[in-house]
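See below for the structure under consideration.
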Amino acid sequence: MNKFELVQVIISKIMNVSVEKVTLESVKSDFENWDSLNQLNLVMELEANFNVSIPIDEIANIDSVHNIMNILNNIHN
């Protein structure tokens, strides 16, 4: 499973949608369940699964799959 596929699985689980509904173009407003609590759940799952610590100032930027991928790529580089 590559990084994007794992992000898809994490988002689909937390937002309670099928994996197919999670695309690179998906944004926060595409998911009815993406509220402040699930935002935190998403951050915690991303950190646990990718063994990273997302900086506080980046958490507010987590509003799309594209931004999640950018943040994860920047942390790993």
Side-chain angles (χ1 to χ4, degrees):
M1 184 177 300
N2 67 36
K3 190 182 295 185
F4 173 65
E5 290 169 336
L6 183 52
V7 168
Q8 280 182 299
V9 169
I10 293 168
I11 292 172
S12 71
K13 181 178 86 172
I14 292 173
M15 302 307 162
N16 198 28
V17 296
S18 66
V19 172
E20 295 79 25
K21 293 198 181 257
V22 182
T23 68
L24 194 56
E25 293 79 31
S26 296
V27 295
K28 183 177 180 176
S29 61
D30 293 336
F31 305 102
E32 184 178 318
N33 293 333
W34 194 327
D35 56 16
S36 58
L37 179 59
N38 277 335
Q39 175 91 1
L40 291 176
N41 290 333
L42 178 58
V43 169
M44 289 187 299
E45 283 292 317
L46 291 168
E47 289 181 332
N49 280 275
F50 290 99
N51 197 30
V52 297
S53 179
I54 298 173
I56 280 273
D57 59 325
E58 290 287 358
I59 292 174
N61 295 327
I62 296 178
D63 60 0
S64 69
V65 175
H66 180 66
N67 284 352
I68 290 169
M69 297 303 298
N70 283 341
I71 290 166
L72 291 173
N73 287 334
N74 288 338
I75 289 173
H76 279 269
N77 291 335

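In this text, all values refer to a predicted model and were calculated from it rather than measured experimentally. Side-chain atoms are counted along with the backbone in the values below, which use heavy atoms only and exclude waters and symmetry mates.
- Looking at heavy atoms from C-beta onward, Ile75 lies out of side-chain contact with Phe50 at the 4.5 angstrom threshold.
- When all heavy atoms of Val7 and Met69 are compared, the closest pair comes out as CG2-SD, 3.7 Å.
- For Gln39, the side chain to side chain donor-acceptor pair (under 3.5 Å) test picks out Trp34, with sequence neighbours left out.
- Closest of all the heavy-atom pairs between Lys3 and Asn73 is NZ-OD1, 2.8 Å.
- Using a 4.5 Å heavy-atom threshold, the side chains of Ile14 and Phe31 count as separate.
- Among residues two or more places apart in sequence or in another chain, the side chain to side chain contact (heavy atoms under 4.5 Å, CB included) test is passed with Asn2 by Phe4, Glu5.
- Asn38 and Asn41 share a donor-acceptor pair across their side chains, judged by distance under 3.5 Å alone.
- Test Asn61, Leu24, Ile10, Leu46 against Ile68 for side-chain contact (heavy atoms from CB on, under 4.5 Å) and you get one pass: Leu46.
- A salt bridge (Lys or Arg N to Asp or Glu O under 4.0 Å) check over residues 20-42, counting only residues at least two apart or in different chains, returns nothing.
- Transitive grouping of hydrophobic side chains (ILVMFWY, heavy atoms separated by less than 4.5 Å) brings Ile59 and Val65 into a common cluster.
- Contacts classified as salt bridge (Lys or Arg N to Asp or Glu O under 4.0 Å) and involving residues 7-19 (residues at least two apart or in different chains) are given here: Lys13-Glu45.
- Between Val52 and Ile54 the shortest side-chain heavy-atom distance falls below 4.5 Å.
- Considering only residues two or more places apart in sequence or on other chains, Ser36 meets the side chain to side chain contact (heavy atoms under 4.5 Å, CB included) condition with none of them.
- For residues 56-70, no residue pair satisfies the salt bridge (Lys or Arg N to Asp or Glu O under 4.0 Å) rule, not counting sequence neighbours.
- Within a 6.0 Å radius of CG in Leu37, more than 12 heavy atoms belonging to other residues, nucleotides or ligands are found.
- The shortest side-chain heavy-atom distance between His66 and Val27 does not fall under the 4.5 Å cut-off.
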